Amino acid sequence: MAMADTTKGPKLPGGAKPADRRERGGWLAKIAPGVSKFVSRRETPENLWVKDPDTGDMIYRSDLEAAMWVTPSGRHMRIGPDARMKFTFDDSKWTDIPLPGVHEDPLHFSDGKPYSERLKAARAATGEQDTMAAGYGTVQGTPCVVLVQDFAFMGGSLGMAAGEGFIAAAREALARKCPMVAYTAAGGARMQEGALSLMQMARTTLAIQELKAAQLPYIVVLTDPTTGGVTASYAMLGDIHLAEPGALIGFAGPRVIETTIREKLPEGFQRSEYLVEKGMVDRVVPRSELPEVLGALMSMLMGGRRKAA
């Protein structure tokens, strides 16, 4: 009995055979085989577009950067220390202030994952050693020290490194006899450091008292979000408190408060605009206007500084 020839495919009109899928390169490859190398599809960067959290619209990343990371809907998105410094200092120029290191993982803490591994992951993701960064430069011509808290690093949590960073920035301002500006952003104290984290609330408060004793202005810019032990310490001890639009500011979050008191909170509760009405924040300032406002305030406060007795 004859065996069927399995190498032959089904017959097509005109005796043509179906093309081998492995050899197919599309119509362009058939007409000009070499051209496909020059017009091949390019890989699109994953971060080319950014989604607006409020409207869901996709925004071209370069446009968002040009707008200081403020979306067309008015959302002031969270930004890191480098962008903060660029937007704040004159001509985007400043000198980095080295911050001291601390003993890491003093409690050998693990919450399912060792604290040391969490630190490694946060450093790899942000490129920073910890949540604080500080720089010295001029803002609208006024020399000052600027401290920035990075929420991207473990939620901006306040630990020993953050406390040491704050104290180092305050001492730099004392040495240079200039104002200090702190951009706050935190979810609270760093639980992996236990009571050592809570001690930073008292230590940073003492550093602020040194600034006040030297009659040097300390201005706080509250950004989204500023909560927990940071709000209970250096975030609310400024001579002047500014806030970005829509920033969440408080101690416990609104969901926790609603669950505790079993009542619905007012619209906009703990947002910067609401807190201006209640006297907790002095003024809400859009990001683009912050350098001008900070410069005017520091110039005025430094001009009225009395000589030490």
Side-chain angles (χ1 to χ4, degrees), residues 46-47 50 69 77-86 94-136 145-172 180 182-208 220-237 247-253 255-256:
E46 293 182 1
N47 61 352
V50 179
W69 290 90
M77 300 186 73
R78 298 166 184 169
I79 57 177
D82 191 61
R84 283 283 180 201
M85 301 288 189
K86 286 179 180 178
W94 71 93
T95 301
D96 287 327
I97 298 173
L99 304 182
V102 298
H103 179 66
E104 296 180 0
D105 196 12
L107 305 179
H108 304 289
F109 191 91
S110 177
D111 55 346
K113 184 176 183 180
Y115 179 34
S116 57
E117 290 187 17
R118 291 197 181 279
L119 285 173
K120 281 183 183 178
R123 286 167 181 165
T126 64
E128 304 290 341
Q129 278 298 108
D130 211 277
T131 184
M132 293 295 198
Y136 172 78
V145 169
V146 173
L147 180 76
V148 179
Q149 196 163 7
D150 187 5
F151 189 79
F153 194 103
M154 296 186 70
S157 49
L158 174 61
M160 292 190 298
E164 289 292 340
F166 186 97
I167 293 168
R171 287 178 176 168
E172 187 74 16
M180 176 174 166
Y183 285 94
T184 62
R190 190 169 295 178
M191 69 173 188
Q192 291 89 346
E193 295 182 12
L196 296 171
S197 172
L198 299 179
M199 287 172 61
Q200 308 312 310
M201 297 170 63
R203 299 182 72 237
T204 54
T205 299
L206 291 173
I208 294 169
V220 180
V221 182
L222 302 149
T223 73
D224 182 63
T226 298
T227 59
V230 171
T231 305
S233 55
Y234 56 86
M236 282 297 146
L237 293 175
L248 176 66
I249 304 162
F251 183 70
R255 184 172 57 183
V256 174

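Treat the numbers as computed from the prediction; the structure is a model and nothing was measured.
A pairwise comparison of heavy atoms in A185 and T223 identifies CB-OG1, 3.4 Å as the closest pair. The heavy-atom pair separating P106 from M160 by the smallest distance is CG-CE, 3.6 Å. Summarising the geometry of L99 relative to G165, their closest heavy-atom pair is CD2-O, 3.8 Å, with the distance given to 0.1 Å. Heavy-atom minimum distance, T205 versus S233: OG1-CB, 4.3 Å. Heavy atoms only, all atoms of each residue included: G135 and W94 are closest at CA-CD1, 4.0 Å. Nearest heavy-atom pair, A134 versus L147, reported as atom, atom and distance to 0.1 Å: CB-CD1, 4.0 Å.
Using a 4.5 Å cut-off on side-chain heavy atoms (C-beta onward), R203 and Q200 make contact. Side-chain contact between R78 and W69: absent, with no pair of heavy atoms (C-beta onward) separated by less than 4.5 Å. Inter-residue side-chain proximity for F166 and I208 is flagged as met; some heavy-atom pair is nearer than 4.5 Å.
Not counting sequence neighbours, D96 has no partner by the salt bridge (Lys or Arg N to Asp or Glu O under 4.0 Å) test. Listed by chain and residue number, S197, L198 satisfy the side-chain contact (heavy atoms from CB on, under 4.5 Å) test with A189 (two or more places apart in sequence, or in another chain).
Checked against V220 for a side-chain contact (heavy atoms from CB on, under 4.5 Å), the options L237, T184, T226 give a single hit: T184.
Pairs of residues two or more places apart, or lying in two chains, that qualify as side-chain hydrogen bond (donor to acceptor under 3.5 Å, both in side chains) and include a residue from residues 124-134 are D130-R190.
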Just do the side chain to side chain contact (heavy atoms under 4.5 Å, CB included) check on L119 and F153 with the steps written out, would you? CA-CA 9 Å; L119 285 173; F153 194 103; 4.2 Å; yes
Discussion item. Between E193 and L158, does the side chain to side chain contact (heavy atoms under 4.5 Å, CB included) criterion hold? Intermediate values first, please.
Written reply: CA-CA 9 Å; E193 295 182 12; L158 174 61; over 6 Å; no
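Looking at S157, its side chain never comes within 3.5 Å of a backbone N or O of G188 through a donor-acceptor pair. Without hydrogens or angle criteria, S110 side chain to Y115 main chain gives no donor-acceptor distance under 3.5 Å. A donor-acceptor contact shorter than 3.5 Å links the side chain of Q149 to the backbone of G156. Looking only at distances, no side-chain donor or acceptor of T231 sits under 3.5 Å from a matching main-chain atom of F251. Side-chain atoms of T204 do not come within 3.5 Å of backbone N or O of Y234 as any donor-acceptor pair. At distances below 3.5 Å, at least one donor-acceptor pair connects side-chain atoms of D105 with backbone N or O atoms of F109.
Note: I79 CD1 to M85 CE = 11.0 Å, rounded to the nearest 0.5 Å. Summarising the geometry, atom CG belonging to L248 is positioned 11.0 Å from atom CG belonging to L222; distances are rounded to the nearest 0.5 Å. Here CZ of R171 is found 12.0 Å from CE of M180. Values are rounded to the nearest 0.5 Å.
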